[in-house]
Amino acid sequence: MGRTGTTRRHALRAAGAATATAAGLLTGCTPDSADGRVSSGTKAARAESALRLRSADTSRELLGRYDAVLNAYPDESEALAPLRAAVARQVDALAPPARKPASPAPSARPSPSATARPPVLPAVAGDAEQALKDLAAAERRTADAHTATLMDAPPELARLLASLAAASAAHAYLLSELLTEGSGS
């Protein structure tokens with residue numbers, strides 16, 4: 001009659017199979033494989049970085065619009081300065097996590113593209129009321145762009161984009177209220 005239950009041979013076989021399975025799973029988790037293929041984690045990080053850059057560019061463009069309006073109509077600075085500051089913080093929040101740059105050689109000169117150039121400001125309407133309407137429209141477009149990006153973003157970035165879209169929508173509302181107050185006085 002044969003033995004019933006777990007024998008030493010069955011236990012060793014099961015342990016060997018579990019070890020082989022675990023080893024197979026662990027090698028699948030390496031960031032980059034030896035043959036140059038990029039892992040899904042690296043692809044996801046690159047995709048998130050691209051989304052962050054695109055969203056930061058959208059907010060940076062809006063920041064340029066604020067600067068142009070403030071340049072053309074300095075009397076509006078009391079109302080627009082807090083909104084502009086919030087947009088500047090949005091750009092900072094969207095910037096991909098900084099990597100430590102490699103130390104350049106002491107004799108290395110900055111490249112021509114690395115030298116700072118003054119930003120080119122977008123055109124502004126001829127009167128302050130129209131400029132504020134255009135700024136409110138730009139805030140709505142920014143909110144729409146951040147909302148559209150949500151579907152492709154990983155959860156943490158999606159939460160950030162949702163917050164920024166809500167903030168841009170609130171800015172558009174505040175700008176329209178500013179126009180209402182200005183026309184009522």
Side-chain angles (χ1 to χ4, degrees), residues 28-33 35-73 76-77 79-104 108 110-125 130-179:
C29 294
T30 58
D32 293 326
S33 61
D35 61 0
R37 291 182 296 173
V38 178
S39 71
S40 62
T42 303
K43 287 180 187 176
R46 287 181 183 166
E48 179 180 352
S49 182
L51 286 174
R52 280 181 172 276
L53 286 173
R54 188 173 41 190
S55 296
D57 286 343
T58 301
S59 291
R60 198 172 291 112
E61 181 181 320
L62 179 62
L63 186 62
R65 289 191 175 280
Y66 270 99
D67 289 341
V69 171
L70 285 168
N71 227 10
Y73 304 103
E76 301 294 333
S77 66
L80 296 181
L83 300 177
R84 188 221 176 266
V87 172
R89 286 190 301 273
Q90 290 177 12
V91 172
D92 290 341
L94 284 167
R99 294 183 187 146
K100 291 186 178 183
S103 299
S111 67
S113 63
T115 58
R117 288 181 282 169
V120 177
L121 299 178
V124 178
Q130 186 59 46
L132 292 177
K133 284 180 184 178
D134 293 345
L135 197 52
E139 283 280 11
R140 284 190 289 279
R141 283 191 304 274
T142 300
D144 292 344
H146 289 325
T147 302
T149 306
L150 284 171
M151 299 309 271
D152 299 326
E156 185 178 339
L157 180 57
R159 287 188 289 274
L160 174 63
L161 289 170
S163 296
L164 299 181
S168 289
H171 289 180
Y173 171 77
L174 291 171
L175 288 166
S176 64
E177 286 296 306
L178 183 65
L179 286 166

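Model, not experiment: these values are computed from the prediction. Reckoned from all heavy atoms, side chains included, excluding hydrogens, waters and symmetry mates.
- The line from CG of Leu174 to CG of Leu135 is 11.5 Å long, rounded to the nearest 0.5 Å.
- Closest non-hydrogen pair, Ala165 versus Ala143, comes out as O-CB, 3.4 Å.
- Considering all non-hydrogen atoms of both residues, Ser59 and Thr142 come closest at OG-CG2, 4.3 Å.
- Distance check, rounded to the nearest 0.5 Å: OH of Tyr73 to CG of Leu80 gives 12.0 Å.
- Distance check: Leu51 CG to Leu161 CG gives 7.5 Å after rounding to the nearest 0.5 Å.
- Taking a cutoff of 4.0 Å between a charged side-chain nitrogen and a carboxylate oxygen, Arg60 and Asp57 qualify as a salt bridge.
- Taking every heavy atom of both residues into account, Ala93 and Leu160 meet most closely at O-CD2, 3.7 Å.
- Judged purely by atom type and a 3.5 angstrom limit, Arg52 has no side-chain atom pairing as donor or acceptor with the backbone of Leu157.
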Decide side chain to side chain contact (heavy atoms under 4.5 Å, CB included) for Leu94 and His146; before the verdict, give the C-alpha distance in whole Å, the side-chain angles of both, and the deciding distance to 0.1 Å. CA-CA 11 Å; Leu94 284 167; His146 289 325; 3.9 Å; yes
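- No side-chain N or O of Tyr66 forms a donor-acceptor pair with one of Glu76 less than 3.5 Å apart.
- The CD atom of Gln90 lies 9.5 Å from the CG atom of Leu63; values are rounded to the nearest 0.5 Å.
- For the residue pair Ala56 and Val91, the shortest heavy atom distance occurs at O-CG2, 4.3 Å.
- Atoms CG and CD, from Leu62 and Glu139 in turn, are 4.5 Å apart once rounded to the nearest 0.5 Å.
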Would His171 and Val87 satisfy side chain to side chain contact (heavy atoms under 4.5 Å, CB included), going step by step from the backbone distance to the final call? CA-CA 9 Å; His171 289 180; Val87 172; 4.0 Å; yes
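- The line from CG of Leu132 to CG of Leu179 is 5.0 Å long, rounded to the nearest 0.5 Å.
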Between Tyr173 and Arg140, does a side chain to side chain contact (heavy atoms under 4.5 Å, CB included) hold up when you go through it step by step? CA-CA 9 Å; Tyr173 171 77; Arg140 284 190 289 279; over 6 Å; no
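- Of all non-hydrogen atoms in Leu150 and Ala162, the two that sit nearest each other are CD2-N, 3.6 Å.
- When all heavy atoms of Ala172 and Ala136 are compared, the closest pair comes out as CB-O, 3.7 Å.
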Any chance you could lay out the side chain to side chain contact (heavy atoms under 4.5 Å, CB included) test for Ser168 and Arg141, step after step, and finish with the verdict? CA-CA 9 Å; Ser168 289; Arg141 283 191 304 274; over 6 Å; no
